[in-house]
Structures are given as structure tokens and as C-alpha cells.
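FYI, side chains are in, hydrogens and waters are out, and symmetry mates aren't considered; it's all heavy atoms of this structure. In this text, all values refer to a predicted model and were calculated from it rather than measured experimentally.
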Amino acid sequence: MNLENMPDQQKITTGFYYSLIPLAIAFWIGWGIKFGVWWDIGLYAVLVVMIGFGLIGGFVYGKQD
């Protein structure tokens, strides 16, 4: 196994954090279509946590050098 061809772990981690944002939007749309409820306190809590972790984690790992 050639370690020189391995992608940077920091970029992978940043990508996973940023992928939470479109996943949260897809979850919101899927929930709205499936149950017909677009805003609910539980749904809002899940979206805030997913988007918050996506933004904060992406910024933190994206700024490290």
C-alpha cells in the first residue's frame, strides 16, 4: 500500500462535515414529503444540529494547516 497516494485526512474530515448540510436538506425535504409536516420542533432540532455540526466542523477542519 503506497501511503503517498492516500488522500489528506483533514480534507476527508472536512468533506464529511460539509456533507451534513446537503444531508440535512434532503432529510428536511424527505420528511416534508413523507409526513406533510415542514416545521416541527423535533424536525427543527435535528436540522439545527446537522447544519450546525456541518458548518462548525467544516470551518474548524478547513482552516487547519
(message) With a 3.5 Å distance limit and no angle check, can you tell me whether W39 reaches the backbone of Y44 through a side-chain donor-acceptor pair?
(response)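 Absent.
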(request) Write down the atom of Y18, the atom of F59, and the distance for their closest heavy-atom approach. (result)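 Answer, listing the atom of Y18 first, then F59: OH-CD2, 3.4 Å.
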(request) Give the minimum heavy-atom separation between I21 and I51, together with the two atoms involved. (result)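 For I21 versus I51, the nearest heavy atoms are CG1-O, 4.4 Å.
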(message) Please tell me whether V48 and L23 are part of a single hydrophobic cluster in this structure, the criterion being side-chain heavy atoms less than 4.5 Å apart.
(response)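 In one cluster with V48: L23, yes.
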(request) Kindly work out whether a path of hydrophobic side-chain contacts (I/L/V/M/F/W/Y, heavy atoms less than 4.5 Å apart) joins F27 to F16. (result)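 Not linked; separate clusters.
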(message) Show, in sequence, the C-alpha distance, side-chain angles and deciding distance for F53 and Y17, and conclude whether the ring pair (Phe, Tyr, Trp, His ring centres under 6.0 Å) test is met.
(response) CA-CA 7 Å; F53 274 122; Y17 274 115; 7.4 Å; no
(request) Please round to the nearest 0.5 Å and tell me the distance separating atom CD of Q9 and atom OG1 of T14. (result)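 Reported value, rounded in 0.5 Å steps: 10.0 Å.
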(message) Rounded to the nearest 0.5 Å, what separates atom CG in L20 from atom CD1 in I56?
(response)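 Here the interatomic distance stands at 11.5 Å.
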(request) Could you please spell out the steps behind the ring pair (Phe, Tyr, Trp, His ring centres under 6.0 Å) verdict for W38 and W31? (result) CA-CA 7 Å; W38 291 94; W31 188 276; over 10 Å; no
